[in-house]
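Convention: sequence-line order gives letters A, B, ...; per-chain numbering from 1.
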Amino acid sequence: MRITDLTYRFPGAARPALEAVSLTIEPGEFVVVAGLSGSGKSTLLCAVSGLVPHFHGGTFAGSVAVAGRDTREHGPGELAASVGSLFQDPETQVVLGTPRAELAFAAENRGWSAPEVARAVEETALALAIDGLLDRPVEELSGGELQRVALGATLSARPALVCLDEPTSQLDPVAGDELIGLLRRLNEDGDTAVLLAEHRLERCLGAADRVLALAGGRLAFDGPPADFLAWALTAAPSLVPPGAALLAGLGLAPAAGVKRARAALRAARLAPATGASALGRGAEADARGELGRWDAILPRRRGGRCASQAALELRGVWHEIAGGAAILRGVDLRLRAGERVALMGRNGAGKSTLLRHAAGLMAPTRGRVQAAGRVALLLQHPGDYLVHETVGEEAGERALATVGLGQLAGRHPRDLSGGERQRLALAIVLGEPDGAAPAAVVCLDEPTRGMDRAAKDALARLLDGLPAAVLVATHDPEFAAAFAQRVVLLADGRVIADGATAEVLCGGTYFATETARILGGAGGALLPADGVALLGREPAGLRA
Amino acid sequence: MIYRRRASPLHAARAAVAIAWCAALGVASMLESNPVLLGATAVTVLGAAALAGVGRELRRSLRWSVPLWLGIALVNALVTRNGLTVIWRFGDLPLLGQTNVTLEATVYGALLGLRAVVLIQIGTLYSVAVDPDAVLRLFRGLSFRSALSATIATRMVPVLVRDSRRLAEAQRCRPGDPPGRAQLLRATTASVIDRALDVAATLEVRGYGAARRAPRRRDSIWERGWSRHDLAFLASAGGLLVIVLAARLGGWDAFTAYPLLRAPAGARTLGAAGALLLVALLPFLDRRGIEA
């Protein structure tokens, strides 16, 4: 695939989404595309698949050639023989009734014979471990299963290049890691080139051969992962993954992936002191002002103040579906006023259902829910809240000011960026219209989906400033570590762990931060700043 | 209301046969005018739904089709001037003028409404008992894109139902007064357009736009062989058509609404109704070799 001097502007857009981009992807390469929201990652992928310009229109200059075909002359349908594309939302990417029909669809469109189609379906299903799902109705599949089916549909016709736009954004950490592992295996076994746009770089940098970084639609970096990390430390700190930030904070060369980071620590003879506590040392270092200079790359734990009285209490809550399984099985949960709690667990563990019970959208089939006041709930799709013509009509002045959108009151809600929409939806549920009491509890369901790190940090700061108790269902251990005082882990509708953030998110494999994985859970260190403090070095080796 | 594979003979029959059987029921409901035969067709459809394990879906569709039935009956009774047996005199009404409701117009309206309900029920039965993917495979040899468009439209229904549920939930989370209907309609429309664009983009990148004639599959109608359920439902469809034609030609389904009601319900009419019920439901008795 070769892109030559590509500049593209969406219809009616003030500035180009891509500007003077030139690059080449060789067969079998695993390339990660990094960049903040709005940097042009998705547009780049659309240009490779031919959706830009054929589907979206707009102004297109330069050229994109995929397998020798110029995308200006060949539309996405023709390019599909060489490029497979997978987008964020699996629900709209599965268009037929069963996974078997879905996997066969792309191969049939290429005009393959029936035995070839059947073999492609069988082999793809086996490779992705979805052979047991082939004849199930797609409506019965979980988000993770649907995403696997969509990936299978992308791969079944054996494209030479696969473009994936944040395919793990809706998956739990286990399914997300499995998907990246599958991609790596397919890349190695089948010589399929992979072009993967992802915000959570810590998940995929270890598997990548090369990284492209986009900024404002321009290609800002193109090189191997290690060089990318060195570049990002100074040029784009918010793209630095936690493991690399930890190493940089210790004055070591950044490395991609947990394994390499551990090796770097061993080589530097850095190990946590016995019995040391990251929290204690981090607090001391912070008090001395030693970490403040490195805020850009060392996200730090946010505090929280909580009182002893309960803001929300669930006692023995069951949610059973008539003629179906139980979604919640006797959940006991107590949130104190002002407390920040992260709710984690696999897709389908019952997190969203629990939040709906907390907010009174659902009634328990057994058990009781009590709240000290109004419970505000922000569901997964912020766009669902936006029904008015201007931001100012959606929420009151005070609520908009709280979320930092006071100056955008005259804008149309659908013109806002993803992060701004999220904040506007939060303002709507927090809103204190005449006579309504302020929320005693704020619940958020997967608020960081598709957010870059800068937006996540902004959200963590915003939540930190709320007086209410906050309960956030999230798949993002880094976000949970940054914002929560306590983590509740759900599995199969039951609370299987409930404790301090450091206690729950240390020492695990999936439900653990990258820092904790690198340090093996030592000292309760969850974030790079904790690790730097724990290992007893000042961040002197870091270039400002 | 979406297709879900169930352990029933109708689900086990191939799509072409299931379509033919549903179509035969549709033809019966369209051609029959005698209330006894039309009633028998209605009972047949409900019985078939129960035996196919989709009774709940049909009951759900009855919830909104029965009001439609009553509406048709009411409108026909109020606007039709035919019939000699006046059962209610409204006198002069605005727009309608002199309005006398006759027994004949009321019964005829009720029959029209019943026919509409039966057709809706047959459509529902088809939607929940015939695999849309198999229908796509069946018809794409003739018109690939039209078949796919129809299948995608079916697939969009549950997606949009879920979207509308989500939107309603989000609005319940708003403190204060809920937004107006016009605002919600606008938001829903925007959401539908977004969804449709997403699905269209997916189809493009899967090669739909470049697809030509679909490959001939091993499970095509002539190559897979006929199962006992295929044969039973095909025979049933043929039998239904024979009964309907015989009733029509033999005058057993005679029905006249105006000026006076005349609906013979003699032995032949009742026999035809019974035969219709029996022939349509017999294939459901053989439950060998079916699986969900």
Residue part contacting chain A, namely of B/Q171, when any heavy atom lies under 4.5 Å: side chain
Heavy-atom pairs under 4.5 Å with chain A: which of B/A201, B/A187, B/P179 has the most? B/A201
A/A376, part contacting chain B, at a heavy-atom distance under 4.5 Å: neither
May I ask you to decide if A/I428's main-chain N or O and B/R174's side chain share a donor-acceptor pair within less than 3.5 Å? no
Shortest non-hydrogen contact from B/C173 toward A/L377: CB-O, 3.5 Å
Most heavy-atom pairs under 4.5 angstrom with chain B, which of A/R414, A/Q380, A/R356? A/R356
Can you tell me which portion of B/R166 sits under 4.5 Å from chain A's heavy atoms? Options are side chain, backbone, both or neither. both
Give, as side chain, backbone, both or neither, the part of B/D194 having an atom under 4.5 angstrom from any heavy atom of chain A. side chain
Cut-off 4.5 Å, heavy atoms of chain B, and the answer for A/V375 is neither
If you look at every heavy atom in B/R206 and A/A80, which pair is closest and at what distance? C-CB, 4.0 Å
Heavy atoms under 4.5 Å from chain B: which residues of residues 46-55 of chain A carry them? A/S49, A/L51, A/F55
Nearest 0.5 Å please: distance from the CZ atom of B/R5 over to the CG atom of A/D135. 8.5 Å
Report which part of B/L185 has an atom under 4.5 Å of a heavy atom belonging to chain A: side chain, backbone, both, or neither. neither
Using non-hydrogen atoms only, which part of B/A200 is less than 4.5 Å away from chain A: side chain, backbone, both, or neither? both
Residue part contacting chain B, namely of A/L379, when any heavy atom lies under 4.5 Å: side chain
Using a 4.5 Å cut-off on heavy atoms from C-beta on, say whether the side chain of B/Y3 contacts that of A/T98. no
Counting heavy-atom pairs under 4.5 Å to chain A, which of B/D163, B/L197, B/T188 comes out on top? B/L197
Chain B contact via A/L386 - side chain, backbone, both or neither, heavy atoms under 4.5 Å: backbone
Verify the neighbour count for atom CD of A/E393: are there more than 12 heavy atoms of other residues, nucleotides or ligands below 6.0 Å? yes
Segment of A/E102 engaging chain B (4.5 angstrom heavy-atom cut-off): side chain
For A/H381, give me all partners under ring-ring contact (aromatic ring centres under 6.0 Å, His included), at least two apart in sequence or on another chain. none
Return the minimal non-hydrogen interatomic distance between A/V387 and B/L184, and the atom names on each side. CG1-CD2, 4.1 Å
